[in-house]
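So the structure is just underneath, and the comments pick up after that.
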Amino acid sequence: MASIAVIDIRAAPDIDDATKAMLGVSANIWNAGVVLGAASETWRDIDLTTARGTVHVNGELGGEGVGGDVMCHPLEPLAWWANAVAKRGEPVSAGMIGITGSLVAPKFLSPGDHAIVSVDGLGDAVLDVE
């Protein structure tokens with residue numbers, strides 16, 4: 001399914017957006033939630049490596065990429081995560097959701113913004129910021 005990762009950046013207000021993005025990626029601790037699109041029953045029929053994804057913010061294209069931009073295949077981070085938690089004795093169970101990575105650079109949204117992430121064959125995830 002398409003998704004939007006919601007990050008909570010509690011950095012000093014005078015840090016520029018590029019530095020905030022790098023801090024978020026390197027620290028990987030600002031996950032505040034995720035917005036999920038509808039589940040796809042036919043995802044196995046999609047070439048996830050070449051599936052194109054876009055983000056639009058307030059109707060303007062904010063970025064685009066393909067599934068292969070995520071560790072060469074978007075299921076690679078999922079396999080890494082499953083193996084990592086299994087080593088700790090925490091099995092992956094049916095129904096768990098793993099977020100595999102972004103096809104675009106992080107976008108910083110403000111109240112009133114409307115964001116849509118679309119992935120070919122998977123559909124959309126929509127976020128309205130209040």
Could you tell me whether a side-chain N or O of [X] sits under 3.5 Å from a main-chain N or O of [Y], the two making a donor and an acceptor?
| X | Y | answer |
| --- | --- | --- |
| Asp69 | Val66 | yes |
| Lys107 | Gly62 | yes |
| Thr42 | Asp45 | no |

To the nearest 0.5 Å, how far apart are [atom1] in [X] and [atom2] in [Y]?
| X | Y | atom1 | atom2 | answer |
| --- | --- | --- | --- | --- |
| Met1 | Leu122 | CE | CG | 9.0 Å |
| Leu36 | Ile99 | CG | CD1 | 5.5 Å |
| His114 | Glu60 | NE2 | CD | 13.0 Å |
| Asp128 | Leu109 | CG | CG | 10.0 Å |
| Ser40 | Ile46 | OG | CD1 | 4.5 Å |
| Thr50 | Asp120 | OG1 | CG | 8.5 Å |

Using every non-hydrogen atom in the two residues, find where [X] and [Y] come nearest and quote the distance to one decimal.
| X | Y | answer |
| --- | --- | --- |
| Ala51 | Val119 | CB-CG1, 4.3 Å |
| Thr49 | Cys72 | CG2-O, 3.7 Å |
| Thr100 | Pro74 | CB-O, 3.1 Å |
| Ile4 | Ala125 | CD1-O, 3.5 Å |

Heavy-atom check, side chain of Glu76 versus side chain of Val70, under 4.5 Å: no

Would you kindly confirm whether [X] and [Y] end up in one hydrophobic cluster when ILVMFWY residues are joined by side chain heavy atoms under 4.5 Å apart?
| X | Y | answer |
| --- | --- | --- |
| Met71 | Trp81 | no |
| Leu78 | Met96 | yes |
| Val104 | Ile116 | no |
| Val34 | Leu103 | no |

Intermediate values then yes/no, side-chain contact (heavy atoms from CB on, under 4.5 Å), Val126 and Val35: CA-CA 7 Å; Val126 179; Val35 176; 5.9 Å; no

